[in-house]
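Single-structure report; data block below.
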Amino acid sequence: MTYLLGIKVTDGGTPELTATTTVRVDVTLVNSNSPAFSSFFFPNFFPTPVAENTAAGTVITTEIATDADYGSYGTLTFSYTVSPTSDLFVYDGTTGQLTLARPPDFETDDPQYEIIVTVEDGGGLTTTATFTVPITPENDNTPYFDNGQYIAQMFESDTAGTEIVTMLTADADGDNTTTTIFTGNSLGKFQLKTGTDTTTSPVVELATTIDLSTDPSSYTLVLQAVDRDTAGLTGSTTINVIVTDTNTAPTIADATFTINEDAGIGDTVGTVQATDPDSGTDGELTYTTSVSPSAGDSLFVYDTSSGGIEVIGALDFETLTQYIMTIIVQDGASASATASVTINIGDVNDVAPSFDQTLYQVSINEDENVGTNVVTFVMTDSEGTGSITFDFVKGNGAGKFRLNSSAVEINSVINIDSPDLDDVHYTLVVKAMDGGTPELTSTATVEVEINPVNENPDFSALTTPFISQVQESDAIGTTIATLTAVDNDYGTQGELTYSLGYVTVPTTQVLTLDPDTAVLKVATALDYETQDKVYRVTVTATDGGGGSAIFTATVSIMDVNDNTPVFNPATYTASINEATAAVSRSYQNYCTSFLNR
């Protein structure tokens, strides 16, 4: 590159003088800038993954690079390396365009490739960038079996679950496969075995037994393997199954039956049927039976046509409760089977439970606590059919008693201290139930006599201290007080008698007490001036049972003005002077003293 510069010089004089010249500058190129990839590409660009089977010539990416130098130094060329080495790519060194040389194959090519791109300018400066091209799989391979056809042989005697053939399936895409029996299994005789790896090693097994007397002897099964899902690619194989006839031994199962001892002749105990899947003579059966103990041979018979065991004799539970019948069945090929049949004899409930007594007579005190045992039954039940339970039939309407297992107990307090309270005699009828079928019952009578319990009388109704007053002028028989006691007992035990006593014995017995009514009265004439003025009495109440109580009372005799004053002596003689002004003091004082006595 060349630059031409025009230059003028001025001297600054007067007049000012100037001169001009031309300068030519030639610039020599220097390679000063390395090429650079665009920011979109550099340093690690990840193009879209490439699906396998993408067509050859498809552009994967175009690298964009620039160089700030001019001329040949700014001219760029591209080169690349692929790791791992592959013929899959074609690279245009001029344009930086990466294309597919052939369609990729996920199963044979590597899953991804690392592309290292180098850009070089005209002066030899380079820049490198790396990116990865992943190859993604496509479902382009059909699943397949390890054999296009299988031949399997089985026996008629094979049981359900017998394995017929084991196969291998695969898919080059690496997909899991789902195997189904596509056709040939309309009878449902075969199935894919569960619990095995059905994706790679499916197993065909027998679903149900095959009976050549009714079922085909050969089957052609078409199996289909589908990859990914039902819309995926499919592969198929054929299994030819040949069934070989074999003699199958007869079968007969053990059994247990129960028949009641009252069964009649000809009644059926139960049915035990032998089976043989073979046809022809191989399926013809013969039977042999025996009963243990041998006495059972006269009680039971086996009907070979129906398989029923019938009663031919009288059964008795009390004689023997169990018999064992052995049944041996043999087919025409001499294969046999044995069944052991247990025959239990059921007890018939025909004996009712029994009380040890039909009448129980007991007595209890009225003050017994709730829960006290009144009577306990001793029971017998020869049948032993079950647990005996009890219930009241009558006599317990007031709910005074209850049943606890085999005992009668007091359920609530019994009070006989008043005629309008509880009874003194109860007649209970109790029913015993054996729980058998049919349920049998019996009854017993319990007579309960309630004994009264004597309770002592008391004077709780009277106030204490008890003080009464009587005038000395009150006549004999005057009521002073009624000192009755209280007794909660009923009948003779509640009958009270009273007696009178004194805390301190008086000089004169002036009081009397009615022994029946407890009325305290005046017994003799009272005189405040000559008798005791205060009496402390005791009243004893005694009931018919000997119980007693004592009450103390105080009776005060009150003074009454019942005495006329008198002169003593009755005649007085005195001499006084006619000039005396008043009666002598000595006579006056005597009179006053007497009056105040």
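Position 1 is the first residue of the sequence; numbering continues from there.
For the residue pair N344 and Q322, a side-chain donor N or O sits within less than 3.5 Å of a side-chain acceptor on the partner. In this structure, a donor-acceptor pair under 3.5 Å is present between the side chains of E409 and N404. A donor-acceptor pair shorter than 3.5 Å can be found between the side chains of D69 and N33. Residues S406 and T376 have side chains that never bring a donor and an acceptor to within less than 3.5 angstrom of each other. Between D303 and S306, the side chains place a donor N or O and an acceptor N or O closer than 3.5 Å (distance only, hydrogens not considered). Using a 3.5 Å distance cut-off with no hydrogens or angles, the side chains of T326 and S340 do not pair a donor with an acceptor. No side-chain donor from either of S334 and D331 sits under 3.5 Å from a side-chain acceptor of the other.
Salt-bridge annotation for D109 and R102: present, with a side-chain N of the basic residue lying under 4.0 Å from a carboxylate O of the acidic one.
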Could you check T244 against Q153 for side chain to side chain donor-acceptor pair (under 3.5 Å), going step by step and ending with a plain yes or no?
-> CA-CA 7 Å; T244 301; Q153 186 172 19; 2.9 Å; yes
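Evaluated for a side-chain hydrogen bond (donor to acceptor under 3.5 Å, both in side chains) with T169, the options D227, T177, D146 yield exactly one hit, T177.
With sequence neighbours left out, the side-chain contact (heavy atoms from CB on, under 4.5 Å) criterion links T18 to K8, T10. Applying the side-chain contact (heavy atoms from CB on, under 4.5 Å) rule to L125 yields the partners N31, S34, P35, D121; only residues at least two apart in sequence or on another chain are considered.
Contact check for V204 versus K193: no side-chain heavy atoms found under the 4.5 Å cut-off.
For F392, the CZ atom counts as densely surrounded, since its 6.0 Å shell holds more than 12 non-hydrogen atoms of other residues, nucleotides or ligands.
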